[in-house]
Amino acid sequence: MLYCQHSLQAQKYLEVNMRFSKMFIPTLREAPSDAEAISHILMTRAGYVRQLASGLYIFLPLGWRVLNKINAILKEEMEKIGAQEISMPILHPAEIWQQTGRWDVIGDEMFRLKDRTGRDMCLGMTHEEIMTWLASKEIRSYRDLPQTWYQIQTKLRDEARPKSGILRTREFSMKDSYSFDASDEGLEKNYQLHADAYHKIFSRCGLKFMQVESDPGMMGGATSHEFMAPSPAGEDEVAICPGCGYSANVELALSVPVKTEPKDWNKEEVHTPEKRTVKEVSNFLKLSPAYFIKSILVIADKTPVLAMVRGDQDLHEKKLANVIGIHRPALKTEVKEILGVEAGFIGPAGQTIRIVADNCLKEGMYISGANKPHYHTKGIKAGQDFNAEWHDIHSAKSGDLCTKCGNPLGIERVIEIGNIFKLGTKYSAPLKAVFLDEEGNEKPIIMGSYGIGPARIAAAAIEQSNDKDGIIWPKSIAPFDAELLPLNMNDPKTVKIAEKLYSELSARGIDVLMDDRAERAGVKFKDADLIGIPVQIILGEKNLKEGLVEIKNRKTKEAVKVKIEEVVGKVKG
RNA sequence: CGGGGCGUAGCGCAGCCUGGCUAGCGCACCUGCCUUGGGAGCAGGGGGCCGGAGGUUCGAAUCCUCUCGCCCCGACCA
């Protein structure tokens, strides 16, 4: 009996919450002026989110429903690969972060605080440390492995620059999972299971996406991939080869710049008065920038390094950092001091400092600074005029050739929606998360970590699917399956049929939002399109007189008239 | 952190340069009438510490200084 009362109440509550007149859906006719990204504008206008402060967002009922839909998919696919859901604190003691060294490595991006006793604490930006701590306490034997634990948990990062609405925030929810294995083979398997699960997740969420090679960065470990949703609103770029399928974040994408027609110059010094940049000199000498060497002096750990790329290429800081470590550009005064000539006329010839040069400079003849004010040297050749450490340190750009198959690469802007890392023992070793193998040897657990940002999925879905009228949700993550639009709430017949359809659809497990407001038809249409529920069921007086209602597809705008009795079947199918 | 922009009603904006009536417009909101297939119409109404502090001035939304917040570009992004 008690149970019955409860469920009756629940039923009533549910119904109230599916009526537009009762639900909190504050739609806006105009977008706030500080919104720029389409997803940000539409989520705000359609009443999905509100901003509390920079990088902090409130999810309103519609927005929260979308996140829950996404989370449900995440959970299903995680459980399918044997991951077990747990929940970790977001307030962490400093010691654990100190043990892995990240307490010191990570800078202002970590929120730090002290508890009342003065103990250092931080807010979790990710959970490798805490997950590993747990494993270190509980895992003893190879028999306890493998394990995969996951959570959908809040992360906090004091971002240098929150941006694009919900895409880059200081507090966000993340599905993060962690695998613990006794062997590299085990990790490989879990890594692959996650990659497969991620493909299913993003497909189910209706996204266009791709998996690309990525830079493990400070996460450590050897291998990592990112899942990217193509969109101009993204902040990453990937290089894609249409020939062999090679795809990688431009931070590490390898490419071969298109070769230039070989020149056979005699070495000579050319007077280039006041011409300093590659652009200036190449215009002055009427030669393509590709015949020049761009030399950039940087300071790494107090020692100078001369980095060189071809004149038509750009140096990629991250690629260079992977070779020489953290570095900064040299000051103008340092250039003069170290190389003996002002910036603009520096070149590799005769220099004795460390030189790191882009692979493509190995071949060909170039023009470079003569290390003498207002002069450049024509006819410089690698091996003859200078020696260097050879690496791919240029930014891959559209039209560069694939290192694997030689086809021209394309560059695409993307939103990062997920990543997977092979961590190895980076965290288990310092935190002493170890196990005994069959022979009784103590070994560190082999780990992987895997993240997905649900809010980014939502934002990416909107970025990829919208029109001038509003959002067009993929069915799977829409806040409702269908929206009922009784156009004239003053017409008793309309109301009666709307109520009937509403309860019939609900009874069949279809989530319906009924726009029961006493608004005019135009307002309801506009809001329905803005909110973006995939199916609109339109109840107009004229059609109802003939026993018909209209079912309209939000995406295609196609509408079909069907008999009232057929609505449920039609929507369900 | 560097560069740029903006803070005036819930939202979008004007006014500021060249100081001076009661700070204004559109939308939204409230009341009534009317209307009901693409953000209707008429009439009436409520809502503001002009981001904050200090200064200049007889007088500051407006000029000056400081400060806080938000957005964009860059740096950064485990």
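In what follows, chains are A, B, ... by sequence order, proteins preceding strands, each numbered from 1. These numbers were taken from a predicted model, which means no experiment stands behind them.
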Applying the Watson-Crick and G-U wobble criteria at under 3.5 Å, what pairs with [N]? Answer none if nothing qualifies.
N: B/rG19; value: none
N: B/rG37; value: none
N: B/rA28; value: none
N: B/rC1; value: B/rG74
N: B/rC6; value: B/rG69

Taking atom [atom1] in both [N] and [M], compute the distance separating them and give it to the nearest angstrom.
N: B/rA28; M: B/rG12; atom1: P; answer: 15 Å
N: B/rU8; M: B/rA14; atom1: P; answer: 11 Å
N: B/rG51; M: B/rA60; atom1: P; answer: 15 Å
N: B/rC42; M: B/rC25; atom1: P; answer: 16 Å
N: B/rC63; M: B/rG10; atom1: C1'; answer: 31 Å
N: B/rG24; M: B/rA61; atom1: P; answer: 13 Å
N: B/rU67; M: B/rC72; atom1: P; answer: 23 Å

Is there a donor on the side chain of [X] or the base of [N] sitting less than 3.5 Å from an acceptor on the other?
X: A/N488; N: B/rG37; answer: no
X: A/E550; N: B/rG37; answer: yes
X: A/E519; N: B/rG38; answer: no
X: A/K552; N: B/rG38; answer: yes

Students often get this wrong, so: under 4.0 angstrom with heavy atoms, is [X] touching a base, only sugar-phosphate, or nothing?
X: A/D491; value: nothing
X: A/K163; value: sugar-phosphate
X: A/A35; value: nothing
X: A/D108; value: nothing
X: A/R45; value: base
X: A/M489; value: nothing

- Task: Check the pair A/Y178 / A/T132 against side chain to side chain donor-acceptor pair (under 3.5 Å), numbers first and verdict last.
- Result: CA-CA 9 Å; A/Y178 304 83; A/T132 311; over 6 Å; no
Per [X] side chain, nearest of listed nucleotides [options]:
X: A/A53; options: B/rC70, B/rU35, B/rG39; answer: B/rC70
X: A/R102; options: B/rA78, B/rC27, B/rC70; answer: B/rA78
X: A/D34; options: B/rA78, B/rG39, B/rC71; answer: B/rC71
X: A/Q51; options: B/rC70, B/rA75, B/rG26; answer: B/rC70
X: A/E30; options: B/rA78, B/rC11, B/rG38; answer: B/rC11
X: A/S54; options: B/rC70, B/rC76, B/rG37; answer: B/rC70
X: A/V523; options: B/rC76, B/rG37, B/rG39; answer: B/rG39
X: A/E36; options: B/rG37, B/rC72, B/rG39; answer: B/rC72

Short side-chain to backbone donor-acceptor contact, A/N543 and A/E546, under 3.5 Å
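Side chain of A/N543 to backbone of A/E546, a donor-acceptor pair under 3.5 Å: no, none is there.
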Closest to the 5' end of RNA chain B, once A/L487 and A/P32 are matched to their nearest nucleotides, is A/P32
With nearest nucleotide decided by heavy atoms, which residue, A/A160 or A/S164, maps closer to the 5′ end of RNA chain B?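 This one resolves to A/S164.
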(request) Answer with yes or no whether the side chains of A/H127 and A/K155 bring together a donor and an acceptor at under 3.5 Å. (result) yes
Q: Decide yes or no for A/M228 and A/N249: does some side-chain heavy atom of the first lie under 4.5 Å from some side-chain heavy atom of the second?
A: yes
Side-chain heavy-atom pair A/K557, A/D529 within 4.5 angstrom cut-off:
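In contact.
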Between A/E550 and A/K542, does any side-chain N to carboxylate O distance fall below 4.0 Å? no
If you compare every side-chain N and O of [X] against the phosphate oxygens of [N] (OP1, OP2), does one of them come in below 4.0 Å?
X: A/S33; N: B/rG12; result: yes
X: A/R29; N: B/rC27; result: no
X: A/R161; N: B/rC73; result: yes

- Message: Please check if the number of heavy atoms outside A/D108 that lie under 6.0 Å from its CG is greater than 12.
- Response: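 Result for CG/A/D108: open.
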Exercise for the section: Give a yes or no on whether the ring-centroid distance for A/F227 and A/H194 is below 6.0 angstrom. Expected result: no
